[in-house]
Structure formats: structure tokens, C-alpha cells
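Not measured: the values here are computed from a predicted model. Note on naming: letters A, B, ... go to the chains in the order of the sequence lines (proteins, then strands), and numbering restarts at 1 for each one.
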Amino acid sequence: MATTSPSQQLLEKIVSLAKRRGFIFQSSEIYGGLNGCWDYGPLGVEMLRNLKEAWWRAMISRGDIEGLDASILMHPRVWEASGHVQNFSDPMVDCRECKSRYRVDHLFSEMSEKRLKAISKAANLESALSHTLVMESKDLTKEQLAEVLTSMVEKSSTLFAELVAKELIACPNCGRVGMLTEPRNFNLMFETYIGPVKDAANAVYLRPETAQGIFVNFMNVWQSARQKIPFGICQIGKSFRNEINTKNFLFRTREFEQMEMQFFCKRGMDEHLFESWRETRWNWWLALGMPEHKLRFHPHEKLAHYAKAAGDIEFEFPFGFGEIEGIHNRTDFDLTRHQEFSGKSMQVLDDETKEKYTPYVIETAAGASRGFMAFLCNGYKEETVNGEQRTVLRLHPFLAPIKVAVLPLVNKDGMPELAQSLERDLRKTMRSFYDDSGAVGRRYRRMDEIGTPFAVTIDSDTLHDQTVTIRERDSMQQVRIAMGQVKSYIAERITL
RNA sequence: GCGGGAGUAACUCAGUUGGUAGAGUCACAGCCUUCCAAGCUGUUGGUCGCGGGUUCGAGUCCCGUCUCCCGCUCCA
């Protein structure tokens, strides 16, 4: 029997509840499942839609952000321009002795300068440099040496193996020399083919991020929507990454949904806007019920090739802190690259100074799937009430898949009929649920477990004075109001 | 990709040295029940993850494979 940590058990309970109640099923389960893919069940899809709706409204209601829904398949050149073709595949090697795996660039960057020099000599770096750069190897810094060597290894299929054979590269873990395999490329982008012929010339990628769909449409949106800089473009959609390993339920999957916004501004405003968006996005998570102590902002020290500043909003999952949203100052990198690769101008005119410039971009990239899981984990609580245990999902009412349950206290005296008619009426404006099976306490608990914030109960008083009780999920307190006010009472309390 | 653990009903699990699958919960149909899951009756549901092998006979033993979890690695 495996020893399982409390946090592991917690995650297992959440996964189990998610399946039992119809939030999340494993993809293709009857065929044994598909690694790292999950399906949203009836309650899951409602909750996910609510989450995306909350985000969409927060973006669009500002007035300075336009929506977009770009195609998942894009021109292959997009990913050359974005740097994904080059940077999204990392050559990796394994140690035959101790089975450790390394990225080649990490291998080089961890080496001593002396070792790098020795390898440079063996790799005949000078001649490689002579026809590409004016520099000589002795002028290169340690970091530059590592970088050049990495790119040489990437270009040559045999170089790394030769260096290993000359016993110049040791495994950092076990220290054995000559045990590393040839580099293998791990391309993190999914590839498919346009048209019925599977041919390299027809290859396209499933987008690894939604951002590029926004960048390539920047000019279209700018001109058609009549927005003035600064303004943003936002988009919700699926992205795909062929991860080596999937992990932790919905957290690391190969197919996931993003909620991305790119805010275009003039250079000079970018640093202020980065801070401002960081705060705006932080507060958005809080407004949906995230407690501040479960969140943290993690600034990136090692920046990606496109970024000037970057950081993540992280949530404390049962397995530890994990990113739920990234905020990046992408500078003018993407637009500049697309201008270069497409030959189309990405510049705008400053009305005051009459100068043309390429806008800077602040990106906020939230994970819809990860956010969903974060709210599920955050909401899950086991409580003891009067000696009995109850499981409750403390979801913000806006996120809750079902807003209200309507229950006849007992199944007689016309209570079921009255309750059914109330439920039919509520159903027109909100997700509601009628339940008459078992004791009322059991029904309350069932609703707690799926996060339903309100339960309306029809009792004998209802029959003669048209009042009902409304029970609130978290406090379990009840108030009695006129049946005619139920709709407005709940509507007021399920808004953001 | 490596190492460890696990996979039996929708969920949580039991199943002895191999002898044609069980419990509780849930769900469903009723009964009971006037406010917080524990009453009664009945019912549905499993080729024991999948595929091979050994055997007269495999949930149980062996091999392969898939999936989930943990660690390493990875996470532009």
C-alpha cells in the first residue's frame, strides 16, 4: 500500500468528487483513458462557462478591450516568427548510467568555463565562429560559449556524440563520462496536416498559445474596432502543448484553455501598465472568492526570449503553489517579429508627435482549466456539523454550476407540485434543480457537495401564506421570504 | 523518459495456499419523514484497466501494455 500524504489524499478526494458528481471525467475513459486529457461533465462545463464569463465581462466591460476568437490552426510562419519553432523544442539527452535526463543547453550553462573552453576546442568552435561572427572564442563570456555550443549541437547530428565519445561531457548526477545519449528533439508543439495528404509541406501546428492569434490580428482589430492606443484584445480558447509529462489532474495537461489579453500601448507606458495589470488581475481572483493567503505573486528571474518583465499569480494547490496566470511585458517583440516575417507594417501613428511606432504589449494569460481546478480545490471543505460530517464546495455563487435547489419539505399536501412549479419558473433565468428524494437534510448535503449556494424549501406554511425558507450553503442559516421574492432574492446574490 | 505505488460496481474498498465475484455508499422505483446525509422494501449496475502466457481452472502467478498518483527530469 502506498503511503499517501494528506495533500495527496485531498486531491484524490477532489478528483473522486469531480467524477462522482459530473464535474470532470477522464477522457476516453472506457478505452483506458488518454494521458493528460480530461472532459468536463454537466456541472463542470457550467462552472467553467461561469469562470470564463466572469473573465470575459471583466475584460469587455472596461470599454478599452475588444474580443477575438482566432482560429486554432494558423499559418506555420506564425510560429517561426513567434520563436516557438526554435525555442519550443529542446534537445535533451539521457544518462545511460543513472537514467537522468538533461536539456543540452542546461548542461552547457552549468559547466565551468575551463570545461567549456576545452569543449570549444574539440568542437572546432573557432572555424564555426569564423564564418558567422567576427568574435573569437576568447572574447566570449561563459554564457555566450554555452549558447554557441548549444546551437552548434542543435545544428549537427553527430557533434554531441563526438564530444561524449571524447569523454568531455560528464553526467552531472552520477559523474560518469561518456554515458550520455545523442540529443533528441522534444517538440512541444502538436503537428498536423492541412488537406488529406500527409506531407511535410502541408504541416501546421495546433497553437501552443492563443496570444499569436491576437498579434497577427492586431491591425485588423485596431482599424475595425476604432480603438485608440492604449487598448487591449482578449480571447478565450484552447491551446495545445505536447508536454513530456502530464501531471496533477487538470494542472498540467496537453490540451488546455486559456484566457488571454494583450494590451497594446506606447513604449514608456509599459512598465506602469505591467504593474497596473498585475494588480487588476490579482484583484479579479480575489473578487471571485480566492483568499489572499492562498495566492502569491512570483516574479520571474529568468525571462523568456520575448519578455522584459514577467511574473505569475500562483495558487496554493494541494501539491504546492502553481501558476494560474502569467503577466508579461512582451515589449514590441511579437509585433516586430511579425512585421519582419510577414513584411506587413505593425506600426501605428502617434497623433501628437506624428511619429510611427510599434506598440509594446502587456500580456495577461490566465489558465481557464487551471483556474477551474484552483476554485475546485479552494472550495472543497470537509466540516463537522452537529457531529455529522458534511462535504461542501464553497464556490462563489457566480461560479456555482447550480444556483438554487427547490425542495418540498415532504412529499405530500401539494408541496411537490408547488415546488416543481417554482423550480420551472426559476429555471428560465438561472440554473436550478428540483429534488424530492429522501430526507430534506440529505438533499441539503447533496447540494452542498456540488456548491449550490441556495436551497428553497416549500413547507406547510407555504401552503397557507406563500412564504418559503431560503437556506444559505456556507452558514446553513435560513430566512423566510415571500415566494414571489425568491427570484430577485437569489438573482441579487449570484452576481459578481 | 527513469524509479516507486496503485488499478475489482458510478464512488470507497474487501476478496485466504489459484476453485465460476462481495460489502458499504451512491443512483433509480416506492414507503416513511414537518428542516440538515445513519429508517424500510425492491432494482439497476462488474468480461476484476487492457492483451498475452502458465494451469483442468487466474481477480489471485508470469510477461507486455495503458491510465492515475508520488519522486526525478521537464515546464520557450
Side-chain angles (χ1 to χ4, degrees), chain A residues 1-5 7-9 11-13 15-22 25-38 41 79 82-90 92-103 105-106 172-173 181 184 186-189 208-209 241-249 251-252 300 302-307 310 312 318-319 322-323 328 383 385-392 407-413 415 436-449 455 457-463 468-469 471 473 476-478 480:
Chain A
M1 197 55 203
T3 52
T4 51
S5 67
S7 65
Q8 202 174 322
Q9 286 170 17
L11 187 58
E12 281 170 12
K13 283 192 215 172
V15 174
S16 168
L17 171 71
K19 181 180 181 187
R20 185 158 38 88
R21 292 305 185 190
F25 308 123
Q26 195 183 2
S27 167
S28 320
E29 193 185 16
I30 61 169
Y31 289 102
L34 184 64
N35 182 285
C37 294
W38 303 88
W79 307 109
S82 70
H84 283 84
V85 169
Q86 196 190 352
N87 293 320
F88 225 61
S89 73
D90 302 307
M92 313 254 272
V93 295
D94 295 306
C95 175
R96 292 191 182 91
E97 183 70 19
C98 68
K99 309 296 183 193
S100 301
R101 170 174 292 173
Y102 307 97
R103 268 172 57 175
D105 57 332
H106 287 184
N173 182 45
T181 61
R184 283 185 295 172
F186 282 71
N187 194 330
L188 295 185
M189 282 197 290
E209 62 175 23
R241 294 182 190 182
N242 207 349
E243 300 284 356
I244 298 169
N245 272 343
T246 60
K247 214 175 154 85
N248 292 329
F249 197 34
F251 186 77
R252 165 141 309 175
H300 286 190
K302 276 186 72 178
L303 296 173
H305 60 274
Y306 53 75
D312 299 332
F319 55 81
E323 177 192 352
H328 298 119
E383 301 175 347
V385 179
N386 298 329
E388 297 286 345
Q389 196 185 318
R390 78 158 180 161
T391 302
V392 55
L407 321 168
L409 187 57
V410 290
N411 288 322
K412 58 183 183 187
D413 301 336
M415 289 183 207
D436 63 12
S437 73
V440 73
R442 180 190 293 272
R443 287 177 264 157
Y444 286 145
R445 298 297 168 84
R446 266 201 291 254
M447 286 297 128
D448 289 342
E449 202 176 38
T457 303
I458 306 294
D459 57 21
S460 54
D461 287 350
T462 314
L463 302 176
V468 297
T469 60
R471 178 249 195 200
R473 178 193 66 207
M476 294 183 284
Q477 297 297 305
Q478 288 180 302
R480 184 167 280 279

Classify the nucleic acid contact of A/T469 as base, sugar-phosphate or nothing, counting any heavy atom under 4.0 Å across all strands shown. base

Among B/A37, B/C69, B/C35, the one nearest A/E449 by side-chain distance: B/A37

Base, sugar-phosphate alone, or nothing: which one does A/E209 contact when heavy atoms must sit under 4.0 Å apart? base

Closest to the 5' end of RNA chain B, once A/T391 and A/F251 are matched to their nearest nucleotides, is A/T391

Within the 4.0 Å heavy-atom criterion, would you say A/G322 contacts the bases, only the backbone, or no part of the nucleic acid? nothing

Are any of A/K247's side-chain N or O atoms less than 4.0 Å away from OP1 or OP2 of B/G71? yes

Specify the residue among A/S16 and A/M476 whose closest nucleotide of RNA chain B lies further upstream toward the 5′ end. A/S16

Using the 3.5 Å cut-off, write out each protein N or O paired with an N or O of nucleotides 22-27 of chain B and the distance between them.
residue	atom	partner	partner atom	Å
B/C26	OP1	A/R442	NH1	2.4
B/A27	OP1	A/R446	NH1	2.6
B/A27	OP2	A/R446	NH1	3.4

Please report the distance separating the C1' of B/G22 from the corresponding atom of B/U55, rounded so that it comes out in whole Å. 25 Å

Spacing between A/K19 atom NZ and B/C69 atom P, to the nearest angstrom: 14 Å

Answer with base, sugar-phosphate or nothing: what part of the nucleic acid does A/Q26 contact at a heavy-atom distance below 4.0 Å? sugar-phosphate

For a quick check, tell me whether the side chain of A/E12 and the base of B/C69 share a donor-acceptor pair closer than 3.5 Å. no

Non-neighbouring partners of A/Y444 that pass ring pair (Phe, Tyr, Trp, His ring centres under 6.0 Å), sequence neighbours left out: none

Using atom names, set out every protein N or O paired with an N or O of nucleotides 32-34 of chain B below 3.5 Å, distance rounded to 0.1 Å.
residue	atom	partner	partner atom	Å
B/U33	O4	A/N411	N	3.2
B/U34	O2	A/S460	OG	3.3
B/U34	N3	A/S460	OG	3.2

